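Take a look at the structure set out below.
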Number of protein chains: 2
Amino acid sequence: MAKSTNTEDKILESASQVFSEKGFNGARMREIADTAGINKGLLHYYFKTKDALFEAVFKVAFKQLISRIQHILEMDLPLYEKIDLIVDTYLGMIMKNPSLPNFVISELNKDADRFIKRNISKKETQIFAKFIALVDQEADEGKIKRIDARQLLMNIISMIVFPVLGRPIMQVIFGTDNDEFKSLLLERKQHIKEFVKDALKP
Amino acid sequence: MAKSTNTEDKILESASQVFSEKGFNGARMREIADTAGINKGLLHYYFKTKDALFEAVFKVAFKQLISRIQHILEMDLPLYEKIDLIVDTYLGMIMKNPSLPNFVISELNKDADRFIKRNISKKETQIFAKFIALVDQEADEGKIKRIDARQLLMNIISMIVFPVLGRPIMQVIFGTDNDEFKSLLLERKQHIKEFVKDALKP
DNA sequence: GTCTATATCATGATAGAC
DNA sequence: GTCTATCATGATATAGAC
């Protein structure tokens with residue numbers, strides 16, 4: 001990831017970093033400016049308000065979190081291959097950006113309903129309808145056990161995202177240090193794929 | 001839940017509510033006082049600082065989120081019964097307090113490492129060791145497929161907690177309104193139990 | 001475009017009357 | 001214990017020089 005030389009991009013990078021760590025309310029314009037190596041005045045020159053800057057950052061983060069899944073859901077692939085692809089790409093992406101899910105989800109939960117209404121379009125419904133059709137079809141063919149496609153996708157995404165999101169909780173429950181937990185996460189791709197396939201066996 | 005008449009408890013209730021919704025940085029002492037029906041001065045009379053008040057609230061919330069699981073892990077039960085019990089009690093509790101996981105996890109992620117060190121004791125490790133032994137034993141007896149107990153528990157907790165935590169995300173991916181999603185959650189207890197048992201079949 | 005200096009406002013916290 | 005009034009701080013945002 002090459003550091004931007006352009007000022008606006010430098011601001012967006014720093015803002016993304018600070019907002020992710022501290023959240024909207026915890027982030028300080030001062031800290032964003034310092035991180036970007038500029039002064040506060042210049043922040044407001046590029047982005048009128050803190051809200052505007054946040055919007056710009058959040059939009060990118062949200063898209064980053066959701067677009068890969070949607071893309072894979074749209075592809076023409078047998079179910080098992082699709083599941084493997086989701087697990088590999090999504091868990092990989094999240095382990096590279098472990099603060100991303102917490103950032104998006106925390107902020108989203110502050111004003112969930114408004115956001116949901118703004119972001120559900122026909123497109124989402126159509127993409128997902130395709131996945132439902134695939135699951136039903138493979139069940140018809142006897143390749144997998146019959147299952148509610150929504151519950152199935154929810155299971156998969158949960159098992160991918162939650163361990164990273166809830167790492168502190170899990171470590172306390174397990175009584176596990178950072179290193180041991182990290183190795184658990186590394187084994188997780190393989191584990192989830194097998195677990196889901198076992199659950200789907202007809 | 002009877003409203004407290006005692007002032008300190010009234011403060012704690014209001015603080016819990018406001019902190020859960022807004023987080024530490026978003027919460028205002030002013031709003032907490034208003035919600036409790038008292039003035040700001042009195043807040044500081046009972047709890048010297050905002051930090052102190054937060055600590056008191058967070059402690060309870062964290063315990064609420066983690067103690068049930070630990071309690072069930074400690075019980076003497078066959079694995080399947082234990083799993084059913086975890087799913088039923090935990091999902092029930094979280095659906096009654098949907099903002100609880102987001103609150104605890106968001107705040108925890110702000111300073112994860114310090115917290116983990118403070119909260120891992122021998123006790124946690126011992127409780128969890130018992131669960132590992134149970135899983136291994138039932139695998140030895142051929143009752144279930146051999147599996148890493150840590151991954152198994154992580155799967156179960158993920159599937160319980162994440163859908164409530166990441167509801168906004170899931171609704172956008174599904175293109176689903178609040179009512180439909182709620183009915184999905186209601187079916188979820190049964191679904192998770194079956195899904196896990198299918199995955200564990202030898 | 002970039003900086004410094006300043007205006008404006010809201011918040012957490014305190015002091016002191018009752 | 002409870003209230004009102006006030007302080008001190010630190011934040012966003014703006015104005016204006018360069």
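Naming convention: chains lettered A, B, ... in sequence-line order (proteins, then strands); numbering from 1 in each chain. Just so we're clear, the structure is a prediction, and the values are computed from it rather than from any experiment.
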Between B:K201 and B:D198, does at least one N-O distance fall below 4.0 Å, as a salt bridge requires? yes
Decide, yes or no, whether a salt bridge links B:R114 with B:D111 under the criterion of side-chain N to carboxylate O below 4.0 Å. yes
Expressed as a whole number of angstroms, how long is the span from [X]:[atom1] to [N]:[atom2]?
{"X": "B:R28", "N": "C:dG12", "atom1": "CZ", "atom2": "C1'", "value": "10 Å"}
{"X": "B:R30", "N": "C:dT11", "atom1": "CZ", "atom2": "P", "value": "9 Å"}
{"X": "A:D34", "N": "D:dA11", "atom1": "CG", "atom2": "P", "value": "11 Å"}
{"X": "B:L53", "N": "C:dA13", "atom1": "CG", "atom2": "C1'", "value": "14 Å"}
{"X": "B:K50", "N": "C:dT14", "atom1": "NZ", "atom2": "C1'", "value": "17 Å"}
{"X": "A:N25", "N": "D:dG10", "atom1": "CG", "atom2": "P", "value": "18 Å"}

Between atom CD1 of B:I173 and atom CD1 of A:I127, what is the distance when rounded to the nearest 0.5 Å? 9.5 Å
Is the ring pair B:F24/B:F19 parallel, tilted or perpendicular, if the boundaries are 30 and 60 degrees?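 Rings of B:F24 and B:F19: parallel, as their planes differ by under 30°.
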For A:L73, does its backbone N or O pair with a side-chain atom of A:K82 as donor and acceptor, under 3.5 Å?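 Yes, A:K82 side chain to A:L73 backbone: donor-acceptor pair under 3.5 Å.
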A:S20 side chain to A:S16 backbone, donor-acceptor under 3.5 Å: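 Pair found, side chain donor or acceptor close to backbone of A:S16.
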When you compare the side chains of A:E13 and A:Q17, does any donor N or O come within less than 3.5 Å of an acceptor on the partner? no
When you compare the side chains of A:S14 and A:T35, does any donor N or O come within less than 3.5 Å of an acceptor on the partner?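 Checked: A:S14/A:T35 side chains show no N/O donor-acceptor pair below 3.5 Å.
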For B:A33, which contact category applies under a 4.0 Å heavy-atom criterion: base, sugar-phosphate, or nothing? nothing
What is the nucleic acid contact for B:A52, judged by heavy atoms within less than 4.0 Å: base, sugar-phosphate only, or nothing?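 B:A52: no heavy atom of the nucleic acid under 4.0 Å.
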If the helix axis at each end comes from five base pairs, how far does the helix from C:dG1-D:dC18 to C:dC18-D:dG1 deviate from straight, to 10°? 0°
Just one of A:E194, A:H191, A:Q190, A:R188 clears the side chain to side chain donor-acceptor pair (under 3.5 Å) bar with B:Q151, so which one? A:R188
When you check every protein heavy atom under 4.0 Å of nucleotides 1-6 of chain D, what one-letter string (B, S, -) results, 5' to 3'? SBBB--
Do any side-chain nitrogens or oxygens of A:H44 fall under 4.0 Å of OP1 or OP2 in D:dA13?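 For A:H44, the contact criterion (side-chain N or O under 4.0 Å from OP1 or OP2 of D:dA13) is met.
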